[in-house]
Structure formats: structure tokens, C-alpha cells
Amino acid sequence: MPLMSGSIACTRYRVQSCPSEPTFDDYAFREIPPGSEVRDRAGFVPMEPEAPYEIGARRFAFRVRVDTVRPDATAVRERLQQLVRTELETSGLPFVGSKKRKHLKELAEEELLPHTTPKTRIVEAVVDGDTLYVFTTATTMLGRVLVLARQAGIVVEPWAPWLDGKTPEVESPIVEAKEPGASVHGCRYLRELVGDRELTLEPVQGSVRLQTPEAKVTLSGAVLPEVLRYLERGAELISAKLTTGELGLRLDALNFRVSGLAVETSRHDHWTERLEERLGGVVAAWDLLDRKFEDLRPEILRG
């Protein structure tokens, strides 16, 4: 879900330090040569070919490209079966042991690697003053982006409204916050939004995930009555589709990440104008989420 087109997924970080000229070119992406033993490579690429990374005062736009060479799993299985049959025929043994099978699988992968095209993944990101917006919610890709950003001189920390030094941490008997900055406060935030007049759970085409003491539960459709029943029994809301009537998005409560955000844009002559408009929509969505948290903070802290 990139920034420049389609619906948007976004994770937000607070910039602790950023040089006036981050060293993007020092960590630029280099393609994996055919036949190379390298299986994974990541680096920076501009938002557009030959475009500058700096697009305004204290504003930088970039993409992180990750290429991975991994043979097709089906092709590996087929080749492994052939190697196993050959091994049984030549050895005369009734079966192939686990260590030998593992070795044969590695041989199958090595045979297929030279004929495998790298799989490419792209993540877009923007440093806007004191904020880094990374347009994905996938934990693995976020890690790749943050490592490269630090190498280029951009140091960040997680950013959620409860990370203000004034909000005591709380725990839940059924939900565990595993990632840095994550908190059950996000679940309590979603709970307080149920029935809110401005920003609430999508009432008709809703989609929520809850955690009960026994299991995770996914609901879709007209979810509000069922959600209320689960909350009365002590369940925690861990993600939900939210709406204002005009704006719609999904919020990952624990990690405060947004996905499925639609931002309408006009036609523009230059890509930076389109980026500016779409980024404005993203910033407005975050501002709304932050403001609603402040409005509901007393209820959230009461648990």
C-alpha cells in the first residue's frame, strides 16, 4: 500500500536526529548480479528515477528496495523428490534420513538459484520535519527501513500518543504488547471509540479483531452489537475499521499503525505535488487519531 497510489498503510516514527544531508547515496540499492551467491540486498532508491531525495525544507522522500533470491517452493519440492529417488536407487536404502534429506534440499535450492529471478519489494517513506512516515505496516519491512535510515543518519523512535512520558503503562491479562512502543492503551482507545460521534467503528461494513481469554475473534459486517457483547465479557479490541463518514481507515491498536486509508487526489503536473497532497491526507488522519486520544485520555487511563 504505497503513498503515491492506492490505499495507504502507514507507520509513524518520531525523528530524534536527522542530518541536513542524509547519506542516501552511500547506501543506494545495487542489483544482485546473475549467478551471484548473494540472496538478499536492500538499499535506497529515489521516489522517481534521478529525482532528488530532498524535496523541501527538512523534508526527504525515498524508497527502500529489497531484492530477495529465493527459489520457488514448488520447484524445490519437485527437484527434492527427484534427488531422493536417485539417492534411494543408488544407495539401496529403504528410506532417506532427515540429515540427508536436508542436504538434498540444499542441493535442490542451489541448482535452482541461478535460474531464479529476484523478488522485489518497495517501501516508500518520507521524513517530514520531526516525523518519519513509513508506508507499510509489515514488521519485517519496517525493520529493514529503520536499519537503512539509521545508516543514513536518521535516528527515530516509536511514536504513539501514550509515549509522552506522562502516561503510566498498563498491562492486560489477555493481550501482550511485544513490539517497542506498543501498549494496551491502544486497545482501550479503540474501546472508547465505540459509539463516538466523530470517529467510530464502521457500523455497516465493519471489520474488527478482538482478543478474548481463549482466542482471537474476527468479525465483519454490522459488528457493533456483537463487539459490545464481547467487550462486556472483558475482550480487548486489537484492530478495527474506523470511520468519520468521510474518512475511513483501519487502526492496529497495539502498535498504532494505520492501513486502508484512502486519500483522494487531483491531477498534478509533477510527482512532488501529488506527494504533497497525499501526505497531507495522511497527516490529517494522524492528527485526528492523536486529537481523539487526548479527548478520551481520562477514560482510557481509568481502564
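Computed over heavy atoms, backbone and side chain alike; hydrogens, waters and symmetry mates excluded.
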*Can you list the steps and then say if Ser183 with Glu169 is a side-chain hydrogen bond (donor to acceptor under 3.5 Å, both in side chains)?*
CA-CA 7 Å; Ser183 173; Glu169 188 50 80; 3.0 Å; yes
_Test salt bridge (Lys or Arg N to Asp or Glu O under 4.0 Å) on Arg209 and Asp252; report intermediate values, then the result._
CA-CA 9 Å; Arg209 295 187 71 204; Asp252 171 359; over 6 Å; no
*Leu142 vs Arg257, side-chain contact (heavy atoms from CB on, under 4.5 Å): CA-CA, chis, key distance, verdict*: CA-CA 11 Å; Leu142 287 170; Arg257 295 172 184 165; 3.6 Å; yes
*Do Arg144 and Asp40 pass the salt bridge (Lys or Arg N to Asp or Glu O under 4.0 Å) test, and can you show the C-alpha distance, the side-chain angles, and the key distance before you say yes or no?*
CA-CA 11 Å; Arg144 302 299 294 266; Asp40 183 275; 2.6 Å; yes
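With sequence neighbours excluded, no residue forms a side chain to side chain donor-acceptor pair (under 3.5 Å) with Ser220.
Between Arg302 and Glu299 there is a salt bridge, with a side-chain nitrogen of the basic residue lying less than 4.0 Å from a carboxylate oxygen of the acidic one. Look at Glu276 and Arg59 and you find a salt bridge, because one of the NZ, NE, NH1 or NH2 atoms lies within 4.0 Å of a carboxylate O, short of that distance. By the 4.0 Å N-to-carboxylate-O rule, Arg229 lies too far from Glu232 to be salt-bridged with it. A salt bridge between Glu198 and Arg291 is present, with a side-chain N of the basic residue lying under 4.0 Å from a carboxylate O of the acidic one. Salt-bridge annotation for Asp72 and Arg77: absent, with no side-chain N of the basic residue lying under 4.0 Å from a carboxylate O of the acidic one. A salt bridge between Asp67 and Arg30 is absent, with no side-chain N of the basic residue lying under 4.0 Å from a carboxylate O of the acidic one. In summary, Arg14 and Asp130 do not engage in a salt bridge, as defined by a charged side-chain N under 4.0 Å from a carboxylate O. Electrostatic pairing of Arg297 and Asp164 counts as a salt bridge here, judged by a charged N lying under 4.0 Å from a carboxylate O. We find that Arg188 and Glu236 are joined by a salt bridge, their nearest charged nitrogen and carboxylate oxygen being less than 4.0 Å apart.
Put simply, OG1 on Thr23 and CG on Leu148 are 10.0 Å apart, with the number rounded to the nearest 0.5 Å. From Gln81, atom CD reaches atom CG of Leu104 across 12.0 Å, with rounding to the nearest 0.5 Å. Summarising the geometry, atom CG belonging to Asp196 is positioned 6.0 Å from atom CG belonging to Leu296; distances are rounded to the nearest 0.5 Å. Atom CE of Met141 sits about 5.0 Å away from atom CZ of Arg121, to the nearest 0.5 Å. Interatomic distance, CG of Leu242 versus CG of Leu261, reported as 11.0 Å (0.5 Å rounding). Atom CZ of residue Arg12 and atom CG of residue Leu132 lie 11.5 Å apart, to the nearest 0.5 angstrom.
Remark: Gln205 CD is loosely packed, at most 12 non-hydrogen atoms of other residues, nucleotides or ligands lying under 6.0 Å away. Within a 6.0 Å sphere centred on CG of Asp269, other residues, nucleotides and ligands contribute 12 heavy atoms or fewer. With a 6.0 Å radius and a threshold of 12 heavy atoms from other residues, nucleotides or ligands, Glu21 has its CD atom at or below the threshold. Within a 6.0 Å radius of CD in Glu264, other residues, nucleotides and ligands contribute 12 heavy atoms or fewer.
The two residues Ala61 and Met47 have their closest heavy-atom pair at CB-CG, 3.5 Å. Ala253 approaches Cys187 most closely through the heavy-atom pair CB-N, 3.7 Å. The minimum heavy-atom distance between Ala285 and Leu249, with the atom names listed, is CB-CD2, 4.2 Å. Nearest heavy-atom pair, His268 versus Ser266, reported as atom, atom and distance to 0.1 Å: CD2-O, 3.1 Å. Counting all heavy atoms, side chain and backbone alike, Ile8 lies closest to Leu3 at CD1-O, 4.0 Å. Looking at every heavy atom in both residues, Pro161 comes nearest to Thr167 through O-OG1, 4.4 Å.
In this structure, the side chains of Leu163 and Pro158 come closer than 4.5 Å at one or more pairs of heavy atoms. Side-chain contact between Arg250 and Ser239 is present, with at least one heavy-atom pair separated by less than 4.5 Å. Proximity of Leu288 to Trp286: side-chain heavy atoms (C-beta onward) are nowhere separated by under 4.5 Å. Arg63 has its side chain out of reach of Pro46: every pair of non-hydrogen atoms, C-beta onward, lies at least 4.5 Å apart. Looking at Phe29 and Val64, their side chains never come closer than 4.5 Å, going by heavy atoms from C-beta outward. Leu237 is not listed as a side-chain neighbour of Gln211, based on a closest heavy-atom distance of 4.5 Å or more. A heavy-atom distance below 4.5 Å is found between the side chains of Val84 and Leu88. Here the side chains of Lys105 and Val76 are in contact, with some heavy-atom distance below 4.5 Å.
Put simply, Val208 and Leu224 are part of the same group of oily side chains (I, L, V, M, F, W, Y) that touch within less than 4.5 Å, one to the next. Under a hydrophobic clustering in which Ile, Leu, Val, Met, Phe, Trp and Tyr are joined whenever their side-chain heavy atoms come within less than 4.5 Å, directly or via other members, Ile300 and Leu228 fall into the same cluster. At a threshold of 4.5 Å between side-chain heavy atoms, the hydrophobic network of Ile, Leu, Val, Met, Phe, Trp and Tyr places Ile238 and Tyr230 in two separate groups. Linking Ile, Leu, Val, Met, Phe, Trp and Tyr whenever their side-chain heavy atoms come within less than 4.5 Å puts Tyr53 and Val145 in one cluster.
Checking Gln82 against Arg79 by side-chain atom types alone, a donor-acceptor pair falls below 3.5 Å. With hydrogens and angles left out, the side-chain atoms of Thr139 and Glu179 include a donor and acceptor closer than 3.5 Å.
Trp159 and Phe256 have their aromatic ring centers separated by at least 6.0 angstrom.
Aromatic ring pairs are classed by plane angle as parallel below 30°, tilted from 30° to 60° and perpendicular above 60°; the pair Phe24 and Phe44 is perpendicular. Using bins of under 30°, 30° to 60° and over 60° for the plane-to-plane angle, the ring pair Phe293/Tyr189 lands in the perpendicular bin.
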